[in-house]
Amino acid sequence: MIRLVRGFKDILPGETGLWQHVEELARELFGQFGFAEVRPPMLEQTELFARSIGADTDIVEKEMYTFTDQGGKSLTMRPEATASVVRAYIEHKLYAKDPVRKLYTLGPMFRRERPQKGRYRQFYQINAEVFGLHDPKADAELVFLLMTLMNRLEVPGVALHINSLGCNACRPRFKEALRSFLEGRTGQLCSDCLKRRGRNPLRIFDCKVATCKEAMVDAPSIVDHLCEECRNHFDMVQRALEGFGIPFEADHRLVRGLDYYTRTTFEVLGQSLGAQDAVAGGGRYDGLVKALGGPDQPGVGFAIGLDRLIDLLAERADRFEKRPHLFIAALGARAQESAFRWVQALRGQKIRAEMDFEDRSLKAQMRRANKLEASYALIVGDRELDDGAAVLRDLETKQQDQVPLQGLVEVVAGRIRSGPES
RNA sequence: GUGAGUGUAGCUCAGGCGGUAGAGCACCGGGUUGUGGCCCCGGUUGUCGAGGGUUCAAGUCCCUUCACUCACCCCA
């Protein structure tokens, strides 16, 4: 047997209804907020990701599906969407008509990580990006959009964390302050953190090793090192969020793994997700568009981890499965033909209808109707029945229970009186 | 890449000390019921993850391997 590739998964009937529901609701909401959908390809030139995400990041260093195609080009299955959306924004000069542009996209991403709960090698994201706005209200509105989606989906137990990472002016100064703080604590840091100290000391805030956590208790806080503009920006974002009535927690230890983020960053954490508890994350990336060869336009965006979001809603999956409304049971060959016509006619009226093709026992057919939770089962018979009157009586009582098809179908035990055309 | 746990019917799982497989659910047929959801009777289903070894004999012991799960790491 050929099995699926490690870290990949099939999304099966039973779950797809929930996926569709989430996607439909998201599309509707994004539309209401003025976002337009873009669909960039899943394959890009490798360089795009090296330049945007950062050549030193884990994603680019060891997690990308990269290969050389027959033309000798290095291509990569996208590990995230922002880079592609920015590329498209620049390439098609979407800023020309109006530099302010709100875009969203939805689809699979690929990273070759060790699979575990909430982490797959092909995973799905919904991404939203806003270009052309420096205003902190843009950050806040984007977060508001994200939390509104969580609310409409009735996602249980989520918490919003926000932070500011500063800009090119103040972040380097903070990094230095952090490094000198860590000078005296070399002995307490794990080997990973010692490496991080040189490259990206901010990441040490993330470490879960007990001694590292201890060492960081008195560490300087980024918020105390922000320049005036960044501090004001962060304050305004928080005030705007309060204005929207969104509860959040300012978390000065929140950092991001992608190099392009500046100023505002945020994360939505889901309880009950285990170690991979980030349902959504995002932030501002004011230098990215320019760095990729576009105009000097700012950006803010987020990505929702759909697989994790759906995990949080999984108990309700069954509710969104599409089932036939009506199951038509037929006894005998002639009844089968009539039933077949009926089923087609009903479908033509957008009623989900089903039947058995084999001439099986009534019991078997009823059992199947039941299993499908068809709200209604009709009997169309041309076979001699012991007590046709009883069948008819039974049907009539059911019709009263469950209205939708009254008048559409008229049936008697023993033979159909009116066909689909009548 | 590192570590731990698990791999027996479609699903959930039993299978002391080795003697070549079982239950419940599901599925199929029948009975009963006001010719459907309850109940009763009967039936089908397994390369016991894969490969090798020890043994007269291995699901059960040993080795290897693969997969899954969770955690580290990283991130959504």
Side-chain angles (χ1 to χ4, degrees), chain A residues 1 3-9 12 14 53 56-64 79-82 106-128 146 158 190-193 195-196 200 203 206-210 212 254-258 261 265-270 273-283 301-312 327 329 331 358 360-379 381 383-398 413:
Chain A
M1 183 171 58
R3 304 164 135 271
L4 50 68
V5 178
R6 178 172 166 80
F8 289 66
K9 68 172 176 181
L12 298 170
I53 300 170
D56 282 347
T57 57
D58 281 21
I59 295 176
V60 172
E61 266 187 354
K62 51 194 188 194
E63 294 174 359
M64 296 200 304
E80 61 111 33
T82 302
L106 189 161
M109 310 296 152
F110 304 85
R111 290 181 204 172
R112 199 181 178 290
E113 299 181 89
R114 188 81 175 262
Q116 84 189 55
K117 185 180 174 66
R119 196 169 76 185
Y120 307 96
R121 290 180 173 182
Q122 175 178 331
F123 59 101
Y124 294 81
Q125 287 190 341
I126 303 177
N127 280 258
L146 175 59
V158 290
C190 68
S191 57
D192 285 332
C193 284
K195 277 182 239 158
R196 290 179 184 126
N200 187 358
R203 295 225 63 87
D206 259 358
C207 190
K208 281 156 191 161
V209 175
C212 295
L254 173 62
V255 294
R256 311 257 78 220
L258 288 74
Y261 286 112
T265 57
F266 52 90
E267 232 172 52
V268 175
L269 272 21
L273 278 180
Q276 311 301 317
D277 62 351
V279 182
F302 66 70
I304 302 171
L306 265 181
D307 310 76
R308 293 178 189 176
L309 179 61
I310 276 161
D311 264 1
L312 289 171
F327 185 92
L331 291 175
E358 290 162 80
R360 303 204 297 157
S361 73
L362 183 62
K363 176 180 182 170
Q365 295 187 59
M366 288 316 232
R367 187 176 280 172
R368 187 161 147 70
N370 227 6
K371 170 136 287 183
L372 293 169
E373 290 176 45
S375 53
Y376 205 112
L378 287 178
I379 298 146
R383 183 186 281 175
E384 286 297 317
L385 295 172
D386 299 341
D387 184 7
V391 178
L392 185 56
R393 203 164 48 237
D394 195 35
L395 266 175
E396 280 168 348
T397 61
K398 289 221 164 113

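Letters go in sequence order (proteins before strands), and every chain restarts at 1. What you see is a predicted model; the values in this text were computed from it and never measured.
Applying the side-chain hydrogen bond (donor to acceptor under 3.5 Å, both in side chains) test to A:Glu63 and every residue at least two apart in sequence or in another chain returns nothing. By the side chain to side chain contact (heavy atoms under 4.5 Å, CB included) test, A:Leu12 is found to be paired with A:Asp10, A:Glu15, residues two or more places apart in sequence or in another chain being considered. The side chain to side chain contact (heavy atoms under 4.5 Å, CB included) test applied to A:Leu273 returns A:Asp277, A:Val279, A:Arg308, A:Asp311, A:Leu312, not counting sequence neighbours. For A:Lys371, the salt bridge (charged side-chain N to carboxylate O under 4.0 Å, His left out) test picks out no residue, with sequence neighbours left out. In this view, A:Glu80 satisfies the salt bridge (charged side-chain N to carboxylate O under 4.0 Å, His left out) rule with no residue, not counting sequence neighbours.
In this structure, A:Gln125 does not reach the B:A76 phosphate: none of its side-chain N or O atoms is under 4.0 Å from OP1 or OP2. Applying the 4.0 Å criterion to OP1 and OP2 of B:C68, one finds that A:Arg6 has a side-chain N or O inside that range.
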Check nucleotides 27-30 of chain B for protein N or O atoms closer than 3.5 Å to its own N or O atoms and list the pairs.
| unit_1 | atom_1 | unit_2 | atom_2 | d |
| --- | --- | --- | --- | --- |
| B:C27 | OP1 | A:Lys371 | NZ | 2.0 |
| B:C28 | OP1 | A:Arg360 | NH1 | 3.4 |
| B:G30 | O6 | A:Lys363 | NZ | 3.3 |

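Side chain A:Arg119 to base B:C70: no donor-acceptor pair is found below 3.5 Å.
No contact: A:Gly270 has no heavy atom under 4.0 Å from any strand.
In secondary-structure terms, RNA chain B builds stems of at least 3 consecutive Watson-Crick or G-U pairs, each pair having both distances under 3.5 Å, at B:1-7 with B:66-72, B:10-13 with B:22-25, B:27-31 with B:39-43, B:49-53 with B:61-65.
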Got a list of side-chain donor-acceptor pairs under 3.5 Å for residues 115-126 of chain A, not counting sequence neighbours?
| unit_1 | atom_1 | unit_2 | atom_2 | d |
| --- | --- | --- | --- | --- |
| A:Gln116 | OE1 | A:Arg119 | NH2 | 3.4 |
| A:Arg119 | NE | A:Arg114 | O | 2.9 |
| A:Arg119 | NH2 | A:Arg114 | O | 2.5 |
| A:Arg121 | NE | A:Glu113 | O | 2.7 |
| A:Arg121 | NH2 | A:Glu113 | O | 3.3 |
| A:Gln122 | NE2 | A:Tyr124 | OH | 2.8 |
| A:Gln125 | OE1 | A:Asn127 | ND2 | 3.2 |

